[in-house]
Every structure is written in C-alpha cells, then in structure tokens.
Amino acid sequence: MSPQERHADVLIVGGGMVGATLACALGDTPLKVILLEAGSGQHTLPEQGFELRVSAITRASQRIFETLGVWEKIAAYRISPYRDMHVWDATGSGVIHFDSAELGEANLGHIIENNVISMALYERLSAFENVELITNSQFHQINTTPENASVTLTSGETIKTKLIIGADGGRSAIRQRFGIGVRGWDYDQTALVTYVKTERPHAETAWQRFLPTGPLAFLPLPEGYSSIVWSTDPEQAQELLAMDDKAFCQELAAAFDHTLGMIESTGPRATFPLRFFIANNFIGERLALVGDAAHTIHPLAGQGVNLGLADVASLAEVLVDALAAGRDIGSAKVLRRYERWRRADSLSLFVAMDGIKRLFGSDVPALRWLRNFGLNLTHKAPPVKNHIVRSAMGLVGSLPRLSKGLPLSGKPD
Ligand SMILES: Cc1cc2nc3c(=O)[nH]c(=O)nc-3n(C[C@H](O)[C@H](O)[C@H](O)COP(=O)(O)OP(=O)(O)OC[C@H]3O[C@@H](n4cnc5c(N)ncnc54)[C@H](O)[C@@H]3O)c2cc1C
C-alpha cells in the first residue's frame, strides 16, 4: 500500500445530518469508517435569533439519536416540542387536529434547528476511534469491481473500501457517477423560510394551512418564536423575498388568516427550490444510497430527514448483521436486503405525499370538496386518525432496531 493509499471498510461520502448519523451508528463497531465531507464540517448557531433551516424530528428519529448518545447533546442546545398538529384548508371547511394527549404520548415530535443536530452529531462522532473525518475534500475518481472499490480524492490520496455510501444530498454526484437515474415530479415550487414572533402564543402546535399556491407552516420554536416554511410558486417567493419586513409581516399574517394574531417581528428570509424524486435503485456495485441522495420529498409532511434517518438505522442494522454472520458487507446479497427494506417504504411515502400535494394544490371544485370532506371524515374517525399520526411519528411499519430504541448489535430479527 502506498503512503497515499488507505483502507476503510465503509466510506461515507457526505457529512450532512444523514451521513453523520450513519458514522455515529457505525461508531464502536469493528468496522473502520471514513466520513468524507466537502464542507468544513463546522456548524454554528447565530448569535441572535435562530437558524433558518429547521427539521420536525419524529419520535422514531428521537429514539435513533437517543440510542446513539446524540439526543442528550441536541437537547442541551435547544429543542422545541410540538404536542398538537393543526392542518386546515384555506378554501373550505376541512380541518384535522392531532393531539399527543389523545395518543397518551408526551408530544408528537420536536422542531430542531439543523445546525443543532449537526453540532451534536459531530461532537459525538469525534469520540469514536474507528471513525475518521476528512473535511474540505471530495472524490475525484471511483473504480469498483465485484470485490472492492477504490476512491481517489481531490487531494490525491486513494481510499480502498468494501462499501461506498452516497449520503451527498439531493444533487448527489455519487448517484450520478454510478449512473442511477431518478423518477420525479416537478411542481415548480419554492420554499421561503424565516422565523417570526407572533402576537398570540404558538401553543406548542405545528400549524399548517393549505393555500391554493401551497402549504404554509408555522412550527413552534423556543421563546414564543415560530419557524416558517411557506411553499409557493417561484414568482410569489421572489416577491415575498423582496418585501420590506413590515409588508412581509402583513402578507404572512393575512396568508395565515391571523390565526396567531399579527406578526410582530421577522428574522432574515431565504428560499430553497423544491425538488421531488426517488432514485430508481438505492444500491449499485459496492454502493448504497441514503437520505436525500436516494429520495427528496416535499417538506409539507416534515419527513425528509426522518426518512433518511430510517435509511441509516436500517442500513446500519443490515451491515452489523452481515458482519456478525461473516458475510461481505458490500456484497450484492447484503445490499439487496437494505434496498428491499427501504425502497418500498420510501416509495409509499413518496406516492402519499404526491397525492396530498396534488389534491391540495387543485382548484377543481370536485377535488376541493373531496379534500375538505376527507379531512373532516378523517378527523371524526379515531382509528384512521391514530394510524396517520403514528405513521407521521415514524412508529408504523417494519422498524429497524435503532428506531425502536434498541441497540444496533441486538439479536437479528
Ligand atoms: C425548506 C425545507 C424544509 C424542510 N423541513 C424538514 C422537516 O421539517 N423535517 C424533515 O424531516 N425534513 C425536512 N426537510 C428535508 C431535509 O432538510 C433533508 O431531507 C435533509 O437535510 C437531507 O439530509 P442529507 O444529509 O441526506 O443531505 P444534505 O443535507 O444535502 O447533506 C449532504 C452533505 O453532503 C456534502 N456533500 C455534497 N457533495 C459532496 C461530495 N461530492 N463529497 C463530499 N461531501 C459532499 C454536503 O456538503 C452536505 O454536508 C426540509 C427541506 C427543506 C428544503
């Protein structure tokens, strides 16, 4: 082996929330892991106010973080529970309301700034001796054979590995390098994000109003602030971005039907183009895709990163089980178990989200009637409602051990 050549059992490309969680999940296993991140890997919080990117973290994802020793670090920064969810249609009488008390749960999940999660993950992974972090570097060339893979970095060094993980986000260069296509829908939508202080308290509720142009969400933050995710057409997003604070606050309060009164102040605003797709394959030769590299969904259900964390929990379980059984962790047989598990789950959520988005984005009177009737009917049918909310909490389906709060190296199912 030349000095420029190193070995890792697993090379994770992309140290976002999903890739960094996988590195933590494989910490303290016999596997040698390298996490390769194009950025600096440094995350900070603003001195005033909040970070603009936040995630609704489900109970299942919380369990993953708890089991990996990350949750206590996240909670030590700042988190905001939501105990209720209130969803309604701006063009009719349809309304649905979920209450954690009805389920006998303390809350439905937490709203957490993305950088809080990343800071906690990077602190945790620095404690693992079998995990090495390489920052400010990217892959240059990849060669694979049925037996192994070789990845040359932009720095010139080469890493020989049994398995490459593509955790490099929606525009994944790894997915493209392996020629894996995607199937997607283009809704031509943009998400405008900011945080605001409202006249009335948010009541620890995640509010979502479906407007004809897209959903508008108010998500509870600490100290009475709310995080805003306003999905709309790109033209309106540009207009909202260009407004002065006073005009924006008035526009936002009106779009939200003054549900929490007037908007008293607002933070900076940013926009994100929204893309929606699922990869045709989640695996390739010596490759597995996780997180947004495998699937990018609409933020209306707040499930994107939760889906990625479920990928991580499932893949880590598949790898640890394979290792215990003496199998090659990068073999097609082992990786197919991961793909079968996760692609079906992701596809069904993807189809459901697409249906909701189309139903609520329509002005056709029959569809408008259907969605209002459907919301009210679901609201009055406790078993259906409970199933929906338990799914949204990530507590339904074939859960991996980490999502059940069990250690990774438990007994294989
Ligand atoms: C407005 C908005 C609101 C959202 N709200 C929610 C929510 O409430 N709940 C929820 O669950 N999800 C939400 N999501 C989705 C969620 O943000 C994403 O699903 C999540 O960030 C994906 O994480 P990831 O780690 O897979 O990808 P990314 O966050 O894209 O991370 C990819 C990482 O890979 C690195 N990278 C890229 N290319 C390379 C390379 N070639 N080599 C090395 N490193 C590379 C990048 O620097 C980055 O660190 C929202 C999304 C948007 C746009």
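In listed order, ligands and their atoms are each counted from 1.
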Original post:
Any salt bridge between Glu132 and Lys32, counting N to O under 4.0 Å?
Top reply: yes
Original post:
For ligand 1, is there an N or O atom under 3.5 Å from any N or O atom of Gly304?
Top reply: yes
**OP:** May I ask whether Val54 has any heavy atom positioned less than 4.0 angstrom from an atom of ligand 1?
**Re:** yes
Original post:
Of the protein's non-hydrogen atoms, which lies at the shortest distance from atom 50 (C) of ligand 1, and what is that distance?
Top reply: Pro299 CB, 4.1 Å
**OP:** Considering heavy atoms of the protein only, find what lies nearest to atom 30 (O) of ligand 1 and give residue, atom and distance to 0.1 Å.
**Re:** Gly169 CA, 3.5 Å
**OP:** Considering the heavy atoms of Val18, write down every atom of ligand 1 situated less than 4.0 Å from one of them.
**Re:** 23 (O), 24 (P), 25 (O), 26 (O)
Subject >> Side chain to side chain, Leu121 and Leu68, heavy atoms closer than 4.5 Å >> reply: no
**OP:** Please check if the side chain of Thr21 supplies one atom and the backbone of Met17 the other of a donor-acceptor pair under 3.5 Å.
**Re:** yes
Original post:
Among protein heavy atoms, which lies nearest atom 21 (O) of ligand 1, and at what distance?
Top reply: Met17 CE, 3.6 Å
**OP:** Please indicate whether any nitrogen or oxygen in Val305 is less than 3.5 Å from any nitrogen or oxygen in ligand 1.
**Re:** yes
Original post:
So is there a nitrogen or oxygen of Ala38 less than 3.5 Å from a nitrogen or oxygen in ligand 1?
Top reply: yes
**OP:** Could you establish whether Ala167 and ligand 1 come within less than 4.0 Å of each other, counting only heavy atoms on the residue side?
**Re:** yes
Subject >> Element-labelled atoms of ligand 1 that are located less than 4.0 Å from some non-hydrogen atom of Ala191 >> reply: 1 (C)
Subject >> Donor-acceptor contact present, side-chain Asp328 to main-chain Val334, <3.5 Å >> reply: no
Subject >> Residue part near ligand 1, for Val193, under 4.0 Å between non-hydrogen atoms >> reply: side chain
Original post:
Counting N and O atoms only, with roles assigned by atom type, does the side chain of Thr205 sit under 3.5 Å from a partner on the main chain of Trp207, one being a donor and the other an acceptor?
Top reply: no
**OP:** For Lys73 and Met119, indicate whether the former's side chain and the latter's backbone hold a donor-acceptor pair under 3.5 Å.
**Re:** no
Which pairs of donor and acceptor atoms, one on a side chain in residues 251-266, lie under 3.5 Å apart (sequence neighbours left out)?
{"unit_1": "Thr259", "atom_1": "OG1", "unit_2": "Phe256", "atom_2": "O", "d": "2.6"}
{"unit_1": "Thr266", "atom_1": "OG1", "unit_2": "Thr194", "atom_2": "OG1", "d": "3.3"}

Original post:
Looking at atom 26 (O) of ligand 1, would you say a protein heavy atom lies below 4.0 Å from it?
Top reply: yes
Original post:
Hey, is ligand 1 close enough to Ser137 that some N/O pair sits below 3.5 Å?
Top reply: no
**OP:** Starting from atom 7 (C) of ligand 1, find the nearest protein heavy-atom neighbour and note its residue, name and distance.
**Re:** Ala56 N, 3.4 Å
**OP:** Please report which non-hydrogen protein atom sits nearest to atom 29 (O) of ligand 1, along with the residue it belongs to and the distance in Å to one decimal place.
**Re:** Gly16 CA, 4.6 Å
Original post:
Identify the closest protein heavy atom to atom 39 (C) of ligand 1: which residue and atom is it, and at what distance?
Top reply: Asp168 CB, 3.7 Å
**OP:** Evaluate the ring planes of Phe50 and Tyr195, with Trp represented by its six-membered ring, and classify them as parallel (under 30°), tilted (30 to 60°) or perpendicular (over 60°).
**Re:** perpendicular
Original post:
Taking both backbone and side-chain atoms of Asn306, is any N or O found less than 3.5 Å from an N or O belonging to ligand 1?
Top reply: yes
Subject >> atom 51 (C) of ligand 1: the protein heavy-atom neighbour that sits closest, reported with distance to 0.1 Å >> reply: Arg53 NH2, 3.6 Å
Original post:
Backbone N or O of Glu51 within a donor-acceptor pair of the Glu113 side chain at under 3.5 Å?
Top reply: yes
Original post:
For Ile278, does its backbone N or O pair with a side-chain atom of Arg183 as donor and acceptor, under 3.5 Å?
Top reply: no
**OP:** Ignoring hydrogens and angles, state whether a donor on the side chain of Ser55 or Asn114 is under 3.5 Å from an acceptor on the partner side chain.
**Re:** yes
Subject >> Per-atom contacts, ligand 1 versus Leu36 - under 4.0 Å to a heavy atom >> reply: 43 (C), 44 (N)
Original post:
Just by distance, do the side chain of Asn143 and the backbone of Ser150 share a donor-acceptor pair under 3.5 Å?
Top reply: no
Subject >> atom 47 (O) of ligand 1 within contact range, any protein heavy atom under 4.0 Å >> reply: yes
Original post:
Are any of the N or O atoms of Glu37 closer than 3.5 Å to those of ligand 1?
Top reply: yes
